[in-house]
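Report on one structure; see the data block that follows.
Chain letters run A, B, ... following the sequence lines, proteins first and then strands; every chain starts at 1.
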Protein chains: 2
Amino acid sequence: MAENNRRITIKEIAKKAGVSIATVSRALNDRPGISLETKERIQRIITRSGYRPSMFARNMRSQQSKMIGVIVSNAANDFFKDVTRAIQDQATKYDFTVLIINSDEDPVKERQAIKILRNYDVSGFIIASTDETIDYPSLVGNTPTVFFDRAPKSEIAQFDTVLVNNEFGAKLAVEELIRQGASKVGIVVSGVQTSGQERLKGYKQALKEYQLPINDKLIYTSDVQQLKAMDYVRDLLVNQKCDALFAGDNTLLMVVLEEIKLLNRTDIKVATFDNITWFNYFKQPVISVKQPTTTIGHETVDALINRMKNPQLPPKVRRLSVQLIRRS
Amino acid sequence: MAENNRRITIKEIAKKAGVSIATVSRALNDRPGISLETKERIQRIITRSGYRPSMFARNMRSQQSKMIGVIVSNAANDFFKDVTRAIQDQATKYDFTVLIINSDEDPVKERQAIKILRNYDVSGFIIASTDETIDYPSLVGNTPTVFFDRAPKSEIAQFDTVLVNNEFGAKLAVEELIRQGASKVGIVVSGVQTSGQERLKGYKQALKEYQLPINDKLIYTSDVQQLKAMDYVRDLLVNQKCDALFAGDNTLLMVVLEEIKLLNRTDIKVATFDNITWFNYFKQPVISVKQPTTTIGHETVDALINRMKNPQLPPKVRRLSVQLIRRS
DNA sequence: GTGAAAGCGCTAACAG
DNA sequence: CTGTTAGCGCTTTCAC
């Protein structure tokens with residue numbers, strides 16, 4: 001049955017069925033204004049002929065695609081990989097296809113990505129922002145947009161956003177470190193992003209709660225590329241003599257673990273944001289704050305779909321809750 | 001500058017510039033047959049007006065998109081995540097955008113994915129096959145297609161394929177287990193895929209090399225969903241009293257590690273395919289065979305681009321080499 | 001209930 | 001060197 005190569009068009013279907021292309025279109029899209037009889041006859045022909053609708057033609061007419069543009073800031077990060085996957089799964093449920101571009105923590109690339117995706121008339125954006133100074137409203141135009149993980153502060157009020165409770169999560173983790181006996185807790189977080197800053201707040205709160213001093217020398221906010229992260233961690237371990245470290249995300253955790261391994265230390269307690277299954281098998285126990293990656297992915301898609309349907313709704317910020325995974 | 005929302009078309013640009021749309025098109029695509037003067041003038045107007053080309057219109061005319069359809073069989077697997085990422089990066093270099101669908105080890109979903117992507121007129125496919133019985137030639141039609149990691153055996157001759165040296169890699173890993181003192185090595189591999197079978201061969205070779213008996217009771221080929229993998233592993237550890245295990249990929253490795261942890265064993269040597277950075281921090285040392293994920297991704301894209309340019313070239317199978325990562 | 005025809009934005013002949 | 005025009009495949013009024 002069917003040809004594999006050349007595209008067969010509704011025109012040809014129409015000819016075969018002895019009807020007009022308008023009628024075929026109606027049958028194709030289950031539109032009213034067509035008798036059940038002809039509809040079924042045409043649909044039979046369509047199936048048998050191996051007809052494939054041209055998304056281009058369809059989208060061109062309707063001026064909007066069934067595609068969602070996703071921009072992740074760091075495709076190397078397991079957190080983003082997991083969320084991306086969830087986004088894809090959820091999008092598929094709504095018959096959307098996903099176009100993903102990795103901005104690599106580079107604002108220039110991110111802007112570029114938005115432009116490219118707009119050229120494809122994506123009907124929505126899901127973005128993990130790289131740089132809060134980007135002028136999103138002008139870039140995305142009136143394309144529905146949802147942010148996750150990182151949202152430019154000023155935009156929180158303007159766009160739908162899916163975040164987790166960073167502050168609370170970090171607080172829980174650091175408290176657990178203290179409960180396990182730590183008295184001098186160092187921290188390395190990403191300085192640029194909202195989430196990093198919020199996690200830092202949580203860290204401070206935990207210390208305050210346990211009446212430990214907040215020492216600026218124990219706090220390192222790393223640049224995005226984390227070039228100096230190794231030096232920071234080493235300083236915390238060697239010079240500052242920390243007995244516990246909190247890493248702001250799993251890229252930073254890797255640096256921490258590497259240093260601990262190099263220094264051959266076994267007396268350090270470690271906590272981090274983002275849980276990864278492999279943590280279960282680590283030599284160095286890692287307390288972690290598990291983000292609901294699947295839920296995050298699903299929620300971003302839901303929020304987007306919702307906004308497409310109701311463009312007038314006020315932007316909504318969702319804070320999902322996190323879960324502490326104790327290990328010792 | 002520029003409007004953000006409504007799409008501004010070449011027609012409007014043409015009007016502004018006082019030329020015809022054909023001329024605008026020429027300026028847009030750097031085509032000959034236009035004076036440098038008008039070209040530059042038009043390009044200025046284009047930039048200033050914030051014009052965004054409609055990919056749909058463009059692709060519709062040219063009957064081919066600048067999109068590559070990628071189908072991965074298991075998005076949860078780190079190996080695929082890494083390759084996917086590399087594919088995206090490389091595709092971007094050629095100005096291609098990537099449409100990814102996860103088949104979830106489900107042949108039905110995979111067929112579906114191919115259809116969807118064809119509707120988008122992707123100009124090429126990159127596929128990690130889920131089921132060798134799928135009739136790819138009829139599904140992909142004349143769309144250039146490259147397979148990686150898994151290729152339906154019968155198709156190797158028909159499609160470009162990027163594989164690694166599975167057999168050799170597994171042999172190296174198992175030999176290392178033996179060299180480290182193992183005398184009874186069990187194996188769990190995925191039964192369905194080419195790669196799993198090849199790795200099993202490598203395992204047998206290693207045993208032969210070291211004159212160890214090949215015992216069928218120590219060999220488990222797991223189903224795709226790996227439902228029984230836990231039972232298999234437990235049997236190998238408890239009943240068969242293996243002192244070493246080889247896991248065919250990192251999903252299976254996780255099962256192995258989980259069992260070892262549950263049984264609280266410290267006398268087992270473990271090897272696996274696919275290296276993950278986190279392995280460095282494991283309590284249980286894991287010998288691993290590192291696949292060049294980045295290269296795999298790049299090569300698949302290169303092969304695809306190459307085939308688009310030269311459709312007549314005979315299909316080529318590339319075998320990339322792997323690297324043994326010793327840990328003990 | 002069905003068909004004719006316009007047109008989405010663009011490219012590529014073909015004229016001039 | 002530039003403009004006119006015909007579609008690419010489809011949806012959608014508007015007639016009938």
First and last nucleotide of DNA chain C touching chain B, 5' to 3', heavy-atom cut-off 4.0 Å?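 The footprint of chain B covers C:dG9 to C:dA12.
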Could you label the plane-to-plane angle of the A:Y136 and A:F147 rings as parallel, tilted or perpendicular, counting under 30° as parallel and over 60° as perpendicular?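 Correct class here is perpendicular.
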Using five pairs at each end of the helix from C:dG1-D:dC16 to C:dG16-D:dC1 to define an axis, what is the angle between those two axes, to 10°?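 That helix has its two terminal axes inclined by roughly 40°.
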B:S73 and B:T130: which non-hydrogen atoms are nearest, and at how many Å?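 Closest approach of B:S73 to B:T130, heavy atoms only: CB-OG1, 3.4 Å.
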Could you tell me whether A:T9 contacts a base, only the sugar-phosphate backbone, or nothing, with contacts defined as non-hydrogen atoms closer than 4.0 Å?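 It contacts sugar-phosphate atoms only.
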For A:I10 and B:V19, find the nucleotide of DNA chain D closest to each by heavy atoms; which residue's nucleotide sits nearer the 5' end?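 Nearer the 5' end of the strand: B:V19.
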Relative to the 5' end of DNA chain D, which residue comes earlier, B:S20 or B:Q63, by the nucleotide with the nearest heavy atom?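 So the residue in question is B:S20.
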Strictly distance-based, threshold 3.5 Å: is any side-chain N or O of A:R307 a donor or acceptor partner for the main-chain N or O of A:L313?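 Indeed, once roles are kept as given, a pair shorter than 3.5 Å links the two residues.
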Counting N and O atoms only, with roles assigned by atom type, does the side chain of B:S103 sit under 3.5 Å from a partner on the main chain of B:I101, one being a donor and the other an acceptor?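 The answer is no, because no donor-acceptor pair under 3.5 Å joins these two groups.
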Of all nucleotides in DNA chain D that come within under 4.0 Å of a heavy atom of chain B, which is furthest toward the 5' end and which toward the 3' end?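 Listing 5' to 3', DNA chain D meets chain B from D:dC1 to D:dG9.
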Could you list all the ring pair (Phe, Tyr, Trp, His ring centres under 6.0 Å) pairs where at least one residue sits in residues 21-44 of chain A, not counting sequence neighbours?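 Qualifying pairs: none.
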Pairing residues for B:D95 by the side-chain hydrogen bond (donor to acceptor under 3.5 Å, both in side chains) criterion, not counting sequence neighbours: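 Testing B:D95 for side-chain hydrogen bond (donor to acceptor under 3.5 Å, both in side chains), a comparison that skips the adjacent residues, returns none.
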Set of side-chain hydrogen bond (donor to acceptor under 3.5 Å, both in side chains) partners for B:R111, sequence neighbours left out: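 Residues passing side-chain hydrogen bond (donor to acceptor under 3.5 Å, both in side chains) with B:R111: none at all.
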Set of side chain to side chain contact (heavy atoms under 4.5 Å, CB included) partners for A:R44, sequence neighbours left out: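 Side chain to side chain contact (heavy atoms under 4.5 Å, CB included) list for A:R44, sorted by chain: A:R41, A:R48.
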Which residues satisfy the side chain to side chain contact (heavy atoms under 4.5 Å, CB included) test with B:T295, sequence neighbours excluded?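 Result, side chain to side chain contact (heavy atoms under 4.5 Å, CB included) vs B:T295: B:P292, B:E299, B:L320.
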Under the rule for ring-ring contact (aromatic ring centres under 6.0 Å, His included), what residues qualify as partners of B:Y120, not counting sequence neighbours?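 Not a single residue meets the ring-ring contact (aromatic ring centres under 6.0 Å, His included) criterion with B:Y120.
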Only counting residues at least two apart or in another chain, list the ones meeting ring-ring contact (aromatic ring centres under 6.0 Å, His included) with A:F125.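 By the ring-ring contact (aromatic ring centres under 6.0 Å, His included) rule, A:F125 matches no residue at all.
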5'-most by nearest nucleotide on DNA chain C - A:R61 or B:S54: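 Between the two, 5'-proximity favours A:R61.
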Test: side-chain hydrogen bond (donor to acceptor under 3.5 Å, both in side chains). Region: residues 13-22 of chain A. Which pairs qualify, not counting sequence neighbours?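 As it turns out, the side-chain hydrogen bond (donor to acceptor under 3.5 Å, both in side chains) pairs with a partner in residues 13-22 of chain A, which skip direct neighbours, are A:S20-A:T23.
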Short of 4.0 Å, heavy atom to strand atom, which residues of residues 25-33 of chain A count as contacting DNA chain D?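 Under 4.0 Å from DNA chain D: A:S25, A:N29, A:R31.
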How long is the straight-line distance from CZ of A:R58 back to NZ of A:K66, given to the nearest 0.5 Å?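 Rounded to the nearest 0.5 Å, the NZ-CZ separation comes out at 10.0 Å.
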